[in-house]
Undergrad: 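Submitted below is the structure of interest, expressed as structure tokens.
Numbered from 1 within each chain, the chains take letters A, B, ... in sequence-line order. Not measured: the values here are computed from a predicted model. Note that these values count all heavy atoms, side chains included, but never hydrogens, waters or copies made by symmetry.
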2 protein chains.
Amino acid sequence: MAETDDTGFQAAGRDDLTSRARIRNAALHQFAVKGFAGTPLRTIATEAGVAIGLIGHYFGSKEGTREAVESWIVGLFASALDRADSQSADTVADVTVRDETVAQMLAGNPLVVDYLRRQVLELPTDGMLISRLASLTMESVEAMRNAGQASSSRDRVEQVVTAMVRQLGRLFLQPLVDQVIDSFPEEEQPAIHPELRVEIKTAQ
Amino acid sequence: MAETDDTGFQAAGRDDLTSRARIRNAALHQFAVKGFAGTPLRTIATEAGVAIGLIGHYFGSKEGTREAVESWIVGLFASALDRADSQSADTVADVTVRDETVAQMLAGNPLVVDYLRRQVLELPTDGMLISRLASLTMESVEAMRNAGQASSSRDRVEQVVTAMVRQLGRLFLQPLVDQVIDSFPEEEQPAIHPELRVEIKTAQ
DNA sequence: CAAACGATTGAACAATCTTTCAATAGCTTA
DNA sequence: TAAGCTATTGAAAGATTGTTCAATCGTTTG
């Protein structure tokens, strides 16, 4: 693996990407849309424009391909948080800046949202991804506490949960709204889709 | 098909169920936990304690098995709404009673919640289930409008969306909260899981 | 009793899937 | 140029899947 990998964030023509990156992108796309079990490796190979054998060559197995996709996603979150800190005037960015930066990253990678939404359902057997993102968020919370930008009296775990629900809750639930609305004939559908609001009411 | 089918709601010993019902229950269980594509028919047969061939005999195909599961779920919602009406003093139950009755039904059938949550994510390709439940909810909304128990000035579709989000939103999002909390060592986890609140903010 | 019928089984089949691997092409380095 | 990499291919193997079907069992019906 002598070649560098793209982050998918900087603009890059489809044909400029390495085979490895194209495979990873195709896997993310298929897993997000059809699910892990519902995606044959052949489909990934076709979408990436490579031969089947190349997937095994780079990622070892189908499970290894999933791992690569998830590590890439974790990297996306990590770099978004780093960006928030570096763009902030303070040493550490506050909640608003962090949320906004993550939201922008997710808006630019809708497939990541689709993938994550699925992961939350798939049983904790192999669902390490959410746990990895939780760790990342915990680091973020710690940094904010140390900088006095987050309450130090509230429970840490609770702060992590709140942050993740704030970032992901609305995005996860949107398909419910969309599917319900789309199930009605077009002339009955409201022009503007109702806006979802998801909150956590901290236990008393 | 001379035999009657259970509703799964009244208590019934596992061994009292017909093969048909046991297959349907096993299918619901596996689809909810592993997903449709991730569930081999052999697994369903084993859990139901029958031979593979019997599934085809009763449901024709794997797709037919899914259909049977979904029809059973639709029936569960329909009978819950009927029950709400019959228990109400008025001719038509009000929103609170309906929501409460549906909530009780879902609490008694957690696998149904898991199954539905998956349906919302799995692409609308074949996902007729949400659409069927939306129709059911629309009938419910119409009944309430006619009885003067629901505003007649607001948009019908919007009322349906609101009702379904109210009934399902929190349940769908709970796994996110649980997975995040469970990803921390047990001694750090808060005693009481934070309470989720999901609302719809009607478009202005 | 005999015939008929639904319930049930498990093997067989064809299709599809993942993984493996030998072979080729292309590029770098000594 | 020769040798040694890595990238890439596509066929083959081996496992798994959904579906089909002939055969058996048990009960009901004539």
Undergrad: From the options B/Thr65, B/Asp114, B/Ile73, select the one residue that forms a side-chain contact (heavy atoms from CB on, under 4.5 Å) with B/Leu28.
TA: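 With B/Leu28 as partner, side-chain contact (heavy atoms from CB on, under 4.5 Å) holds for just one option, B/Ile73.
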Undergrad: I need the CD1-P distance between B/Ile55 and C/dT9, as an integer number of Å.
TA: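 Going from CD1 in B/Ile55 over to P in C/dT9 covers 11 Å.
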Undergrad: Would you indicate, yes or no, if D/dT8 has its OP1 or OP2 atom less than 4.0 angstrom from a side-chain nitrogen or oxygen of A/Tyr58?
TA: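 Answer yes for this pair, as a side-chain N or O of A/Tyr58 is under 4.0 Å from OP1 or OP2.
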Undergrad: Has B/Arg118 got its NZ or CZ under 6.0 Å from the middle of the six-membered ring of B/Phe31, at an angle within 45 degrees of the ring axis?
TA: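 No - B/Arg118 does not lie over the ring of B/Phe31 by the 6.0 Å and 45° rule.
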Undergrad: Is there a side-chain contact (heavy atoms from CB on, under 4.5 Å) between B/Met105 and B/Asn109? Walk through the geometry before answering.
TA: CA-CA 6 Å; B/Met105 182 274 288; B/Asn109 295 278; 4.2 Å; yes
Undergrad: Within the sub-3.5 Å range, which N or O atoms of nucleotides 19-22 of chain C have a protein N or O partner, and how far apart are they?
TA:
{"unit_1": "C/dT19", "atom_1": "OP2", "unit_2": "A/Lys62", "atom_2": "N", "d": "2.9"}

Undergrad: In whole angstrom, what separates B/Arg66's CZ from D/dT19's P?
TA: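 One finds 12 Å between P of D/dT19 and CZ of B/Arg66, rounded.
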Undergrad: Starting from C1' on C/dT16, measure out to NZ on A/Lys34 and report it in whole angstrom.
TA: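 One finds 16 Å between C1' of C/dT16 and NZ of A/Lys34, rounded.
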Undergrad: Are the side chain of B/Thr39 and the backbone of B/Gln30 linked by a donor-acceptor contact shorter than 3.5 Å?
TA: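 The answer is yes, because a donor-acceptor pair under 3.5 Å joins these two groups.
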Undergrad: Is there a side-chain hydrogen bond (donor to acceptor under 3.5 Å, both in side chains) between B/Glu67 and B/Ser71 once you walk through the steps?
TA: CA-CA 6 Å; B/Glu67 234 303 298; B/Ser71 288; 3.2 Å; yes
Undergrad: Rounded to whole Å, please give me the gap between CD in B/Gln30 and P in D/dG18.
TA: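 After rounding, the reported distance stands at 12 Å.
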Undergrad: Reckon B/Ser19 has a side-chain N or O less than 4.0 Å from the OP1 or OP2 of C/dA7?
TA: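 For C/dA7, neither OP1 nor OP2 has a side-chain N or O of B/Ser19 closer than 4.0 Å.
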Undergrad: By the 4.0 Å heavy-atom rule, please label A/Thr39 as base, sugar-phosphate, or nothing.
TA: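 Contact class for A/Thr39: sugar-phosphate only.
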Undergrad: What pairs with A/Asp99 under salt bridge (Lys or Arg N to Asp or Glu O under 4.0 Å), at least two apart in sequence or on another chain?
TA: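 Result, salt bridge (Lys or Arg N to Asp or Glu O under 4.0 Å) vs A/Asp99: A/Arg166.
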